[in-house]
K.L.:
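What follows is a structure written as structure tokens; I'll ask about it next.
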Amino acid sequence: MNILGLNAGPDLVFEDASDSGLAYSHDSAAVLVQNGRVTAGIEEERLNRIKHSPKAPVQAIRFCLEQGGIGMEDVDYIAFYLSFEKMKSELEKTRSGIQRYIRHAFDYEFPSERIVFINHQLAHAMSTYAMSGIERALVFSVDGSGDGISGMLLSADNRQMTPLHELPRANSLGDFYERIIQFLGYKRFDEYKVMGLAPYGDPSVYRALFKTFYSLLPGGNYRIHVQTSLLFELVPPRKKSEPFTQQHKDIAAALQEALEEILFHIVAHYQKVTGHDYLCLAGGVAHNCTANGKLLYSGLFKDIFVQPAAHDAGAALGAALCVHYEQCPDDPYLPLEHLYWGTDIGDEDAIRETLSQWDTFLEWEHLGDRVTQRTAELLADGHVIGWVQGRSEFGPRALGNRSIIADPRPEENKEIINAMVKMREGYRPFAPSVLEEKAAEYFELPGHASSFPYMIFVLNVNESKRKLLGAVTHVDGTARIQTVSQQTNPRYWSLIHAFEALTGVPIVLNTSFNNNVEPIVNSVTDAIVCYLTTKLHELVIGDYLIRKKVVAQEAILQLYPKLPPYAVLRQKSGIGANGTMETDAEIGVNYSERHSVSISAQVFRLLAQADGSRSLHQLIAAAHGKDDLVNRSFASEIHALWSRRLVELSPVVYEGIQRIEANEKESIVS
């Protein structure tokens, strides 16, 4: 039985955002479940390079089919993460939309009756319960919204989930959190940033105000009634990129405390009603790792399982599992073992072939079995390294296969990494990866739990170790830990073990390998581009240790430019300051108007001709001749756009790309 689970937007990557009811979709993904076991799973963002991609998961589907060794015609069912129970008019539109992009990408007319729609909250619930390894549990899906509600509580026993209560959309905890973070200058998908800011604040300052934003009611019920106007009367809202005042930090702390109080109120009641000793969590709110840790420490439950891809990408997994177990009810549930379900970096020859294409910019050595020892030595010497191994991780966390790693001890490493690559707020903590068997020596592990492999719980760092672990201990003495098992990731375990032999510390700092404008790197090429456009010291891919060569910035003019399929060139005319008509040029994206960047008229004209068949040198020379000053100017501007992933640069000609894309667009139009 081959089940393809989807979370999907309606538009192909080169299409403008549509007015479909699914236009609000995000985190598109595909998961292939074969005979009850996950064969492959990947978010479309890793492949099309759009953060939280709202696009149809065509590349993700293609990857899943390849991993499963099947064609589209071999898929028994497509399971979709929404059922449209309260908006039936969207169901047929969505079914037709899925058939449209399947037809486009695979030249196959997928039978409409084999496209199955699963209730959003049930998909979340199944994704956590079926993979928890727990027989009896309280199951809680909690997010912004899905199928007209914002959460669902269920009692699970012997593979049967019985709904207990639905959280109405008006009481959405996800929406509650999002409304307040907008006051702090943030937007959707920035919730985790505010979670990291909260420990710098004092929740008592605005506790009384936040108590007016919600009411706790009998029976585990509650009501949300936020009046943000009251905040405006007390505190100036923060604009994006403005510094945080202590008042803003106190608001973040009060918000986090309020969310935790409501969550405790709900689960404490339903724990008492059901008598369950275990809790399974999913949904976007379940990514609040701080709340998860406090629930675990509370002792309300013997243990808590959080589906690590708890957001909507994980609903694709849950949808596929729902359909599989409907069709094969006697198949056993298979507990989650790891999340390395994505693309593989390839064998040593494939890695070397890609590196060779970039030999103007890179030098490398093949270390073989010595790679973990040499990397550990560099980490101990203060180096910050991109670490790329095996198959990529499903979900929002880098778990040792697509990571940036560093020494967890020096507190200044936080600032160093931010300056090098992340370009993010300095208050945000980095995570520790610790050998599973040594975790209790450094962290306060609740109850009998010893394994925390998915960075989904914030736990206390042992007080005696907080000063030692300066780079990964947050201001409140906590850390979002990942325990590393020798069984599930032997190479990453060996690296940390080698670092321990050198330093006495069985921990490395781990953060996702990406800059601040792109998703986590996926391929060898992604890793190379991120490395070349940041200040990381070294890059390790497979058994290769890679370093940058010292080259002038103009060296990038040897590369072949091409616009990503989602990029759009625009010209806007208007009256300038002196009263004359002026034309401004910019480059943006087809899925949002918020990501446009002004560019010079010269670069606009160059990019309008960039189809991957001619190098930047060739394009510039044709228009401007061989002027060194012009070359330097172009190199600087193009490099900035490359760093923002608004231009693709390749060391080789993009053979046939333009023809293929033209044919794809023509087939859609026709």
K.L.:
If you define the side chain from C-beta out and look only at heavy atoms, does anything of Val458 sit under 4.5 Å from Ile481?
P.N.:
no

K.L.:
Would Arg49 and Glu518 pass as an ion pair if we require N to O under 4.0 Å?
P.N.:
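The answer is yes: the pair qualifies as a salt bridge.
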
K.L.:
What I want to find out is whether Arg466 reaches Glu463 closely enough, with some N-O distance under 4.0 Å, to be called a salt bridge.
P.N.:
no

K.L.:
Count the heavy atoms belonging to other residues, nucleotides or ligands that lie under 6.0 Å from NE2 of His276, then report whether that count exceeds 12.
P.N.:
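More than 12 within 6.0 Å, yes.
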
K.L.:
With a cut-off of under 6.0 Å to the ring centre and 45° to the axis, is Arg480 in cation-pi contact with Phe457?
P.N.:
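Relative to the ring axis of Phe457, which defines the angle, Arg480 lies outside at least one limit.
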
K.L.:
Check Leu295 against Val267 and note the closest heavy-atom contact, atom names and distance.
P.N.:
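Heavy atoms of Leu295 and Val267 come nearest at CD2-CG2, 3.7 Å.
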
K.L.:
Any idea how Tyr340 and His338 line up, ring-wise: parallel (<30°), tilted (30 to 60°), or perpendicular (>60°)?
P.N.:
parallel

K.L.:
Evaluate the side-chain proximity of Leu173 to Tyr177: yes if any heavy-atom separation is below 4.5 Å, no if none is.
P.N.:
no

K.L.:
Does the ring centre of Tyr278 sit less than 6.0 Å away from the ring centre of Phe301?
P.N.:
no

K.L.:
Do any N or O atoms from the side chain of Arg409 and from the backbone of Leu469 form a donor-acceptor pair under 3.5 angstrom?
P.N.:
no

K.L.:
Ion pair present between Glu260 and Lys294, side-chain N to carboxylate O less than 4.0 angstrom?
P.N.:
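The answer is yes: the pair qualifies as a salt bridge.
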
K.L.:
I'd like to know if the side chain of Tyr333 and the backbone of Gly36 have a donor-acceptor N/O pair within less than 3.5 Å.
P.N.:
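Absent.
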
K.L.:
Mind checking what makes side-chain contact (heavy atoms from CB on, under 4.5 Å) contact with Glu135, not counting sequence neighbours?
P.N.:
Asp157, Asn158

K.L.:
Are the side chains of Leu468 and Val505 in contact, using a 4.5 Å heavy-atom criterion?
P.N.:
yes

K.L.:
Tell me, please, whether Phe244 has Lys249 positioned over its six-membered ring: NZ or CZ under 6.0 Å from the ring centre and within 45 degrees of its axis?
P.N.:
no

K.L.:
Return the set of residues passing ring-ring contact (aromatic ring centres under 6.0 Å, His included) with His269 (not counting sequence neighbours), or none when no residue passes.
P.N.:
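Once residues adjacent in sequence are excluded, His269 has no partner under the ring-ring contact (aromatic ring centres under 6.0 Å, His included) criterion.
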
K.L.:
Is there side-chain contact between Glu43 and Ser53, with at least one heavy-atom pair below 4.5 Å?
P.N.:
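In short, these two side chains do not touch, never coming nearer than 4.5 Å.
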
